[in-house]
Undergrad: 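Please find one structure pasted underneath; my questions will follow.
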Amino acid sequence: MSDHAIVVQNLVKTFKGDVKAIKDISFEVREGEFFAFLGPNGAGKSTTIQVLTTLLNPTSGSAVVSGFNVQKDPFSIRRKIGVALQETGIDPSLTGRELLHLQARLFGFSKSDAKKRAQELLELINLTDDADRKVGKYSGGMRRRLDLSLCLVHRPKILFLDEPTTGLDPYNRNAIWDEIRTLNRQFGATIFLTTQYLEEADQLADRISIINKGEIVASGTSQQLKKTVGMDVIELTFHQREDAEKAKDVLEPWMKDFRLTNEELTLYVDNGAIFLPEMVRKLDGEGIPPVSLNLAPPTLDDVFLRVTGDHLEEKGNRQEGVVSK
Amino acid sequence: MNSNFIVDTYLMTKRSTIAIFRNPFIFIPNIIISLFFLVVYQAGLSGISNIPAFAGASYLAFILPVSIVSGAIGGSGGAGQSLVQDLENGYFSRLLLTPTSRVAIVLGPILAGMIQLFIQTVLILLVGIWMGLEIAAGFGGAIVVILLAAGFGLAFAGYSVAFALKTKDAQASQAGTFVFFPLVFLSTTFVPYELIEADWLKFVSKINPTTYIFDGMRSVLINGWEAEPLLNAALVIVLICSITITFASLSAKKAVSRD
């Protein structure tokens with residue numbers, strides 16, 4: 001067997017009405033690797049997960065998961081993978097313990113083994129106190145944790161997590177992050193995670209593919225991706241747009257690239273730290289001192305911006321509690 | 001694979017049964033409406049059984065099948081509702097992601113509806129007996145009543161599942177259960193066929209499958225063992241079950257398909 005947990009070749013998924021959700025993507029995930037699909041809503045992340053987890057058939061191309069073809073052998077794949085979809089999948093009329101027990105039984109555990117496994121997982125996700133309450137009464141964070149534990153029941157070697165922290169507060173998000181990290185590092189599980197949060201991909205993943213409008217636009221480790229931007233990023237804010245435009249002309253000799261949005265000027269500069277004082281003096285001399293100024297190494301958002309021409313995270317729409325560097 | 005299928009079906013049925021009985025708002029109103037029919041119609045209408053067309057039958061025995069059939073429809077209609085809930089809360093996908101038999105996933109709620117129906121029917125029969133019902137065909141007659149209720153309920157479960165999986169919408173599948181009213185009331189619900197006034201209602205009652213279920217149940221409750229009404233009822237059940245179950249399987253196949 002190859003040492004690849006997932007091999008995807010020229011995968012295409014078209015929905016009714018000729019909606020191309022995935023346009024010809026190819027990638028591989030090694031065994032034990034933590035791989036993230038980063039992209040905005042509607043980029044094709046969930047569709048990719050649904051194809052890889054046997055919920056949807058591909059329109060063309062092939063996907064092999066754990067050595068089995070998704071179209072030819074879906075039942076073998078289902079035994080090997082754990083999946084937490086974007087929307088939690090739980091029956092609110094059962095208790096947490098009952099759901100875990102049932103899940104284990106459906107994967108072929110005997111009654112006593114299922115009982116043991118349910119208890120183990122309840123302890124793992126810190127839900128023993130609420131284990132015998134109906135899931136309908138759980139909070140959003142508890143549901144997420146239970147949903148995650150449901151996909152671990154049969155000790156899968158490959159985990160698919162579709163935006164596992166969307167809508168969670170920082171406390172629950174960190175709990176899930178820790179959990180996923182442990183699964184990857186301690187138990188060697190291969191992880192395929194999708195996220196629209198830069199921070200999440202940056203913090204967790206060994207390797208990232210950026211997906212936009214059904215296509216993979218960049219792949220690599222977080223460091224490699226940031227290096228493709230190659231420069232420092234200087235963000236300048238002015239009183240008005242005219243000042244920002246004038247500043248752009250004045251600073252032309254230093255910059256490799258720029259973006260202008262209203263009063264904000266973003267510059268891509270080699271060795272920004274060295275030239276910054278000189279640039280500020282020049283702006284002062286022209287009578288257009290910036291209101292604020294920020295020098296930063298590139299982030300994944302800059303990578304995204306460079307390859308797609310758009311920001312991934314709108315300002316004010318960032319994940320709660322994430323402090324951007 | 002075969003023993004897996006049995007275990008899967010058992011697990012899925014058990015889970016749906018727990019869900020039904022844990023949610024009294026599903027179970028209680030249905031049984032109350034059925035008993036309400038029995039008690040109120042008996043109290044208000046039993047005098048008309050003195051009319052010769054009733055041939056001396058007790059009105060209680062005549063109206064009991066209405067109570068049982070309405071309970072059967074309500075109970076088995078829950079199967080579709082519970083599948084729609086699974087679709088809406090994502091549990092359906094969670095189940096599809098397990099190696100569970102696809103048939104078992106759809107069959108579970110149907111069988112759970114059958115269990116609910118069985119308990120209700122027995123309960124209504126017991127209340128009837130407590131009210132003074134005497135079953136002409138004896139204990140065997142009671143079994144026949146339960147079997148006919150189950151057969152009719154299965155047909156209705158098929159209908160509700162087909163409707164639910166086709167619309168995938170709680171409101172729509174709720175609306176689908178309104179077929180209950182024509183089924184129960186456009187028939188020999190309150191009086192025998194000969195006493196129905198309007199010609200259109202006579203005609204509709206002839207093509208309404210419920211009429212033959214009423215006839216079958218009434219024959220064992222009132223007259224004892226007769227071949228024809230039982231045969232007719234059995235035939236009607238086979239016919240409508242094959243239609244609704246086929247329809248349900250087609251929608252189910254589509255709901256679990258991956259295209």
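Sequence lines set the chain letters: A, B, ... in the order given, protein chains first and strands last, and positions in each chain run from 1.
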Undergrad: So, taking the atom named OG in B/S16 and the one named CG in A/D91, what distance separates them when rounded to the nearest 0.5 Å?
TA: 8.0 Å
Undergrad: Name the option with the most non-hydrogen atom pairs under 4.5 Å to chain B; the candidates are A/P74, A/G82, A/A84, A/G108.
TA: A/P74
Undergrad: Are there residues of residues 108-131 of chain B whose heavy atoms fall under 4.5 Å of chain A's heavy atoms? If so, which?
TA: none
Undergrad: Heavy atoms, side chains only, cut-off 4.5 Å: are A/L106 and B/M12 in contact?
TA: yes
Undergrad: By a 4.5 Å heavy-atom criterion (distance strictly below it), what part of A/T14 contacts chain B: side chain, backbone, both, or neither?
TA: neither
Undergrad: Let me know if A/T53 has heavy atoms under 4.5 Å from chain B in its side chain, its backbone, both or neither.
TA: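 Contact with chain B is through both the backbone and side chain of A/T53.
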Undergrad: Return the option, out of A/Q50, A/K134, A/E87, with the maximum number of heavy-atom pairs under 4.5 Å with chain B.
TA: A/K134
Undergrad: How close do B/P99 and A/F75 get, counting heavy atoms only, and between which atoms?
TA: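 Taking every non-hydrogen atom into account, O-CE2, 3.2 Å.
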Undergrad: Heavy-atom pairs under 4.5 Å with chain B: which of A/Q103, A/Q71, A/R78 has the most?
TA: A/R78
Undergrad: What residues of residues 80-98 of chain B sit under 4.5 Å from chain A when you count only heavy atoms?
TA: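 Listed by number, the contacting residues are B/E88, B/N89, B/G90, B/Y91, B/S93, B/R94, B/L95, B/L96, B/L97, B/T98.
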Undergrad: Between A/T54 and B/R258, what is the shortest heavy-atom contact and its length?
TA: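 Closest heavy-atom pair between A/T54 and B/R258: O-CD, 2.7 Å.
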Undergrad: Dump the intermediate steps for salt bridge (Lys or Arg N to Asp or Glu O under 4.0 Å) on B/R22 and A/E98, then the final yes or no.
TA: CA-CA 13 Å; B/R22 215 169 258 176; A/E98 285 169 339; 2.7 Å; yes
Undergrad: With a 4.5 Å cut-off on heavy-atom pairs, point out which of A/T88, A/T59, A/D147 contacts chain B the most.
TA: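 Of the candidates given, the most pairs with chain B belong to A/D147.
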Undergrad: Hey, is CZ on A/F15 packed in by over 12 heavy atoms from elsewhere, all under 6.0 Å?
TA: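 Atom CZ in A/F15 is packed in, count exceeds 12.
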Undergrad: In this structure, are over 12 heavy atoms from other groups packed under 6.0 Å from B/K166 atom NZ?
TA: no
